[in-house]
Amino acid sequence: MSFNHQEIEKKWQDYWARHKTFKTDTYADKEKVYALDMFPYPSGAGLHVGHPEGYTATDIFSRMKRMQGYEVLHPMGWDAFGLPAEQYALDTGNSPAAFTEENIATFKRQIKELGFSYDWDREINTTDPNYYKWTQWIFTKLYEHGLAYMDEVAVNWCPALGTVLANEEVIDGKSERGGHPVIRKPMKQWMLKITAYADRLLEDLEEVDWPESIKEMQRNWIGRSEGAEITFHVDDHSEQFTAFTTRPDTLFGATYAVFAPEHPLVEKIVTTEQKEKVDAYLKEIETKSDLERTDLAKEKTGVFTGAYAINPVNNEKMPIWIADYVLMGYGSGAIMAVPGHDERDFEFARKFELPIKEVVAGGDLSREAYTDDGEHVNSDFLNGLYTDEAIVKMIEWLEEKGIGTRKVTYRLRDWLFSRQRYWGEPIPIIHWEDGSMSAVPEEELPLELPEMDEIKPSGTGESPLATSDWVHVTDPETGMKGRRETNTMPQWAGSCWYFLRFIDPNNPDKLADPDALKEWLPVDIYIGGAEHAVLHLLYARFWHKFLYDIGAVPTKEPFMKLFNQGMILGEGNEKMSKSKGNVVNPDDIISTHGADTLRLYEMFMGPLDAAVAWSTNGLDGARRFLDRVWRLIVNEDNELSDKIVDTHEASQMDKVYHETVKKVEEDFENLHFNTGISQLMVFINEGYKAETIPKKYIEGFVKLLSPVAPHLSEEMWQILGHNNTISYEKWPEYDESKLIEDEVEIVLQVMGKVRAKMNVPKDITKEELEKQALQHEKIQEFLEGKTVRKVIVVPGKLVNVVAN
RNA sequence: GCGGGUGUGGCGGAAUUGGCAGACGCGCUAGAUUUAGGAUCUAGUGUCUUGCGACGUGGGGGUUCAAGUCCCUCCACCCGCACCA
């Protein structure tokens, strides 16, 4: 007989809700554990089977920690601002708020049906004014500290979405959401000065327990490089420019200079003879999208400006070219080209027949650029030095002459923070008619979004808010008129700090009580998808460091341990997608197999971080295991099976039980759920073979199973004669002595090959073990006619006889 | 191209410090039970071989008494970055 999952799951979900079983006591005396999920964007499509994977992992961890006596904070909320709701509102004329609310209701129902042990009293919604009041408050603090500023920048304007996108939201020249074309357009935008934190964001990665791949991605994204900035004069002009280089030691080999096409100096220095060609080139570049520019980048293009720069180290004239392989957005948008020792410069010099000069010996410059270390030549005072020393000496020389300095450059750009959208947190800034600007005072926050009958693009590139009366303000004291900022914040804003609010979600006076933050921070385990490796995780770290600097949070880093769950693929090993029709809906699985089965299956599929294909057979197998557990413990009359006996006598289950407790605890602690579950299966297999099973072992087993399959475990716990929830029962302990048997099996090898096995007492001496092994009949057989050269004895494991 | 990662049965995957490769699950085979079953229980299941045995962790080489694990080299796939000076 199998259990009725629909009945049991409903029963215990109701019980937990009614008793508020998972309510967290913020100020409990117990030691604290904070287990966090990346909260979802509540899309109209509802929950996907990928969501429960990470959620189940943190839930198992949380449930185990509760049973081990910790006070656990395990919350859930909604990252509910975002483009799809606004797009829906534009398409249908309905309000994004109502649409969002419906989606949240669906998500919440689905998540509750999976039996996660969230403290629902801490539910957070980023679109709730009580929440975004503090998102706005953080913005005003950033503004006060000079970290939020407005700048005219060439932004990624997406005409289809009617908004500006951050660099990270543009993939191959198209919008990350929707795949619409994106063009460059100069606009006045809000920026956050994340670059001010670049070094700390880099350095503090050392302190956190994150996957190396994610740390590496963040390091690459920040892209720190050390070098020098060198000033060059333009020949016959009063103009000068700077170029950044990581190889100042090769300055003697700089034979030409290259500007990015957008470099402001280009129009000033271009000669009349070359103007036509330069203009044509600029025009060609302008009409290319970013996508084309990177695509066509394989073949280098460029044009001579007619002007020359003076190489400060030898006063030689270097022709100045423009080429789009030099990027305006990095360094100063101008480079000194050293074709002998830089592959890109080499390629360019070859194509345009520019001189190539060797200054580091060791390569063959007729074939390729030589970028490795070597002895410097043709370099005056650097001759004979190797790269490291030559760099130091050259920088000293440049600094002495006042024509260059040591310089660190980053790939990381400041964070483009405004969106021309309605459905986001309003940026709490007022632009006054006298041209000044001020932040909305704290006591006036939250600055709520006005309700609008119709949300339509303003047509001017401003957000729909520009069409509302809401924008107009008058200073009650001076009577000065002003206009509210109409840009809103990007979706990343609300998720930058939500984990702080979970700690003290209803605090009206502060973002959260500092004492409570001290108790719970940093987050002990944070699980979510790898797609947030740079954006969300870098932005959240930046805000956290800022809040740390102003004394609002007590830790430098927000997330101590991070883990990325893998993707669940469709049965054909392809990504699940509507168009392929291979999407698995959790609702269907809960209905046919039950939430416990879904949880168990997703954890048993493979390692948590692996991408594994969904398998209906595998899912059936998970259900079969739970049925086996049920049938072993519960009889036809829904009572405890006669096989379970209340005894303290020694049992054949002793060893496997203690092994199971040990392995399950260790594996769950390390998020190795697949192997922990396999051990639970081993225990049940042994249980089927045994005549009787001590009740205490079955109780221990049900506790071990309960984090994975909580509904079924609660039901069995009740059948075992308990009236309370299993959620706070003491986690089982194992007895190390029960793991060791009196006899151990020893592997006997000859020349490294297993030839026989034998059982010996566990405390046998090395000498005795060797003696017995050599006497073993089978071994004797193999040693016939051979001379024993050496015998390797590993106590408790094996004996290897070397003979020939 | 650069950086990171992964390659183990028919499939998903296990294997402290190098020490019995293939735990557990799926699938498959046989038997039991059943009116019947795609239910349940029991046994088997890396490959080759009648057997003894031999071979076997992407390919090749090396270190070692002993290699999935360490070293060298090549290949394939996945992820990230992509002219970052």
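By convention in this document, chain letters (A, B, ...) are assigned in the order of the sequence lines, proteins followed by strands, and residues within each chain are numbered from 1.
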So, is G80(B) syn or anti if syn means the angle is within 90° of 0?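 You should classify G80(B) as anti.
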Student check: side-chain heavy atoms of F244(A) and Y330(A) closer than 4.5 Å: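 Counting from C-beta outward, F244(A) and Y330(A) do come under 4.5 Å.
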Measure from the side-chain N and O atoms of Q218(A) to the backbone N and O of A533(A), and report whether any donor-acceptor pair falls under 3.5 Å.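 Such a contact is found between Q218(A) side chain and A533(A) backbone.
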Can you tell me the distance, in whole Å, between the [atom1] atom of [X] and the [atom2] atom of [N]?
X	N	atom1	atom2	answer
L798(A)	U16(B)	CG	P	15 Å
I792(A)	G18(B)	CD1	C1'	13 Å
Q749(A)	C20(B)	CD	C1'	8 Å
K790(A)	C65(B)	NZ	P	5 Å
K300(A)	G1(B)	NZ	P	15 Å
Y601(A)	G12(B)	OH	C1'	8 Å

Within 45° cone of W630(A) ring axis and under 6.0 Å: R623(A) NZ or CZ: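 Cation-pi check for R623(A) and W630(A): fails.
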Is the charged tip of K643(A) near the ring of Y688(A): under 6.0 Å from the six-membered ring centre and within 45° of its axis?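 Judged by the rule (NZ or CZ under 6.0 Å from the ring centre, within 45° of its axis), K643(A) counts as positioned above Y688(A).
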Please confirm whether the shortest side-chain N or O distance from [X] to OP1 or OP2 of [N] is below 4.0 Å.
X	N	answer
T675(A)	A23(B)	no
R624(A)	G27(B)	yes
N617(A)	G27(B)	yes

So what stems show up for RNA chain B if we need 3 or more Watson-Crick or G-U pairs in a row, all under 3.5 Å?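 Runs of three or more consecutive pairs: B:1-7 with B:75-81, B:10-12 with B:24-26, B:27-32 with B:40-45, B:46-48 with B:53-55, B:58-62 with B:70-74.
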Check every atom of G4(B), U42(B), G19(B) against the side chain of R628(A) and return the nucleotide holding the closest atom.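 Closest nucleotide among those given: U42(B).
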Nucleotide nearest F604(A) when distance is taken to its side chain, options G12(B), C65(B), C20(B):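 Within the option list, the nearest is G12(B).
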Hey, does S615(A) reach any base, or is it just sugar-phosphate, or nothing, if we go heavy atoms under 4.0 Å?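 S615(A): no heavy atom of the nucleic acid under 4.0 Å.
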Look at all strands and tell whether R224(A) reaches a base, only sugar-phosphate, or nothing, counting heavy atoms closer than 4.0 Å.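 Touches nothing.
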M605(A) or G618(A): which one's nearest nucleotide on RNA chain B is closer to the 5' end?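 Result: M605(A).
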Closest-nucleotide 5' rank along RNA chain B - winner of M336(A) and M217(A):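 Result of the comparison: M217(A).
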With ring centroids as reference points, do F304(A) and F352(A) lie under 6.0 angstrom apart?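 Ring-ring flag for F304(A)/F352(A): false, centres at least 6.0 Å apart.
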When the ring centroid of W321(A) is compared with that of F348(A), is the distance short of 6.0 Å?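 Centroid separation for W321(A) and F348(A): below 6.0 Å.
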Examine the base of C65(B) for any acceptor or donor lying under 3.5 Å from a partner atom in the side chain of N800(A), and report the outcome as yes or no.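 Yes, a donor-acceptor pair under 3.5 Å.
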Answer yes or no: are there more than 12 heavy-atom neighbours, outside E571(A) itself, under 6.0 Å from its atom CD?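 Yes, because the 6.0 Å sphere around CD of E571(A) holds more than 12 heavy atoms from other groups.
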